[in-house]
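The structure appears below as structure tokens.
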Amino acid sequence: MQNPFKPTAGRIPPVLVGREDIISDFDYAMMDGVGSPGRLMFITGARGVGKTVMLDTLGIRARQQGWEVIDETADCGFIQRLVDTLAGKEDAHISAYNMPELGVDGGFGKVELNLGRVELDRREERPLTLRRAVGARLDEMDESSQGILITLDEVQSGSMDEIRALSIAMQHLIREGRNVALIFAGLPSAVNEVLSDKAITFLQRAERYHLGSVPAEKVLEAFEESFGGEKKARMETLIRLTKATHGYPFMIQLVGYWAWRLSEINGHGEWVTEEDAEQGIERAKVKLGDMVHMPALRKLPAQAINYLLAMSVDDDVSNTGEVARRMNRSPQFGNVYRTMLIENDLIEPVAYGKVAFKMPYLRDYLREHGAYLQMRENISEMAGE
Ligand SMILES: Nc1ncnc2c1ncn2[C@@H]1O[C@H](COP(=O)(O)OP(=O)(O)O)[C@@H](O)[C@H]1O
Ligand SMILES: [Mg+2]
């Protein structure tokens, strides 16, 4: 019996829970034609909420309609990789393109004076090169029914130069009436940082989808489907599994996967018992810590981790003034980190002056690993970081 759950980052799950709205909006945009607002889309949300899966899912929809889809990750050199893919070759370097005109409009922001000539040229060449590469590829296609979709994952401000270039290129292509679409994805704070750049006003108009948890009844339906064949579970067990997920997509895969596995380990064959479910949920929580909480915390500044640690003392909601006191800081100081953590869906405001954990099981993780996290911070302080 094959386990139908796939707790692997970026893997399209066998049963995709929720997300019908965004898929139908995208389908509509494909049908709606050139210039449809849904052809420029931003997907944000916490780690493990299903951003990459959404990019892949929408990419599949586009391919089914005869579109060409290019998936890229927004790290250094992605524009070059896009151009290479479009040109169908690995060695089409930007510098090899011969471009007499450099009259690209749209500001580049302030160009630092200490930039070498080469770098300046590159900045101006990139959008034009990409625009031409997309145009040339489209010329080979039947543009009345086919187009090019670019998906860009893990958007972060470190690639701002290239994101600017992509923005300018897309703006021109859309203005020229070409059949193109662009979908970006990233953590909310990273996307906000990128969008605050004045040179990409065009991208700021993109439709924004913030992915959150999916409704419990949808999770239950998915579990009923997955545990309704070779391996079954009683309704109360399914409800227990559903509750343990908190509707958080990565946890759906982890809970399902480990309940299934534990039923096998415990030799229960066709059934997932309450015992299997309970043990599976425990395993799922540990994995969630390793695969989601730890990497998320690693990306945060030390004071943001301290804020979370100060919150984890409470069993329920936390008072923001009290959290700042525990940190030995002013409320204003605490507020900076409160805002950052809310933006990243790790915590949420629940009432005036009150915050609560939003990411499932993060409190438990912090309580278990608090000493370690504190030690790491002390070490980095000693090192003067
Ligand atoms: N709508 C969904 N329903 C069920 N599982 C999902 C859904 N979206 C994502 N997942 C699962 O959650 C995990 C994380 O998804 P991923 O797209 O990598 O998240 P992100 O890119 O936001 O970090 C994967 O195992 C994936 O299969
Ligand atoms: Mg991802």
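We use all heavy atoms of the structure for the numbers below, so side chains are in, but hydrogens, waters and symmetry mates are not. In listed order, ligands and their atoms are each counted from 1.
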| request: Run the ring-centre check on Y361 versus F357 and record whether the distance is less than 6.0 Å. | output: no
| message | To the nearest 0.5 Å, what is the distance between CG on L308 and CG on L366? | response | 5.5 Å
| Contact check, V214 vs ligand 1, heavy-atom distance below 4.0 Å | no
| said: Using heavy atoms and a 4.0 Å limit, tell me yes or no: is V15 in contact with ligand 1? | reply: yes
| Atoms of ligand 1, numbered as shown, that sit under 4.0 Å from any heavy atom of K6 | 25 (O), 27 (O)
| Under 3.5 Å between some N or O of ligand 1 and some N or O of G10? | yes
| task | Could you list the atoms of ligand 1 found under 4.0 angstrom from a heavy atom of L16? | result | 1 (N), 2 (C), 3 (N)
| note | Interatomic distance, CD@E275 vs CG@N266, rounded to 0.5 Å, equals 5.0 Å
| said: To the nearest 0.5 Å, what is the distance between NZ on K6 and CD on Q253? | reply: 8.5 Å
| said: Would you say V350 ends up clustered with L341 if hydrophobic residues are merged whenever their side chains have heavy atoms under 4.5 Å apart, either directly or through other cluster members? | reply: no
| message | Let me confirm one number: the CG-CZ distance from N192 to F42, rounded to the nearest 0.5 Å. | response | 9.0 Å
| message | Judged on heavy-atom distance to atom 7 (C) of ligand 1, which of P249, G186, A9 sits nearest? | response | P249
| message | Is the shortest side-chain heavy-atom distance between V313 and R326 below 4.5 Å? | response | yes
| query | atom 23 (O) of ligand 1: which of G48, G50, P14 has the nearest heavy atom? | reply | G48
| Hey, looking at atom 26 (C) of ligand 1, which of E20, R11, R19 has the closest heavy atom? | R11
| Which atoms of ligand 1 sit under 4.0 Å from any heavy atom of R47? | 23 (O)
| message | With a 4.0 Å cut-off on heavy atoms, is A222 in contact with ligand 1? | response | no
| note | Within 4.0 Å of some non-hydrogen atom of A46, the atoms of ligand 1 are 22 (O)
| said: Just to confirm my output: which protein heavy-atom neighbour is closest to atom 24 (C) of ligand 1, and how far is it? | reply: T8 O, 3.2 Å
| said: Check this for me - ligand 1, T52, N or O atoms closer than 3.5 angstrom, yes or no? | reply: yes
| remark: among protein heavy atoms, the one nearest atom 5 (N) of ligand 1 is Q253 NE2, 2.9 Å
| query | Passes salt bridge (charged side-chain N to carboxylate O under 4.0 Å, His left out), R283 versus D276? Steps please. | reply | CA-CA 10 Å; R283 290 287 276 272; D276 303 333; over 6 Å; no
| query | With a cut-off of 4.0 Å, which atoms of ligand 1 are near a heavy atom of P7? | reply | 25 (O)
| query | Any N or O on V53 sitting closer than 3.5 Å to an N or O of ligand 1? | reply | yes
| Minimum-distance protein heavy atom relative to atom 1 (N) of ligand 1 | V17 O, 2.8 Å
| message | With a heavy-atom distance limit of 4.0 Å, tell me whether M54 approaches ligand 1 through its side chain, its backbone, both, or neither. | response | neither
| query | Hey, what do you get for CG (L195) to CG (L203), rounding to the nearest 0.5 Å? | reply | 7.0 Å
| task | Taking the six-membered ring for Trp and the full ring for Phe, Tyr or His, determine whether the centres of F227 and F5 are under 6.0 Å apart. | result | yes
| note | Here the gap from H369 atom NE2 to H293 atom NE2, rounded to the nearest 0.5 Å, amounts to 10.5 Å
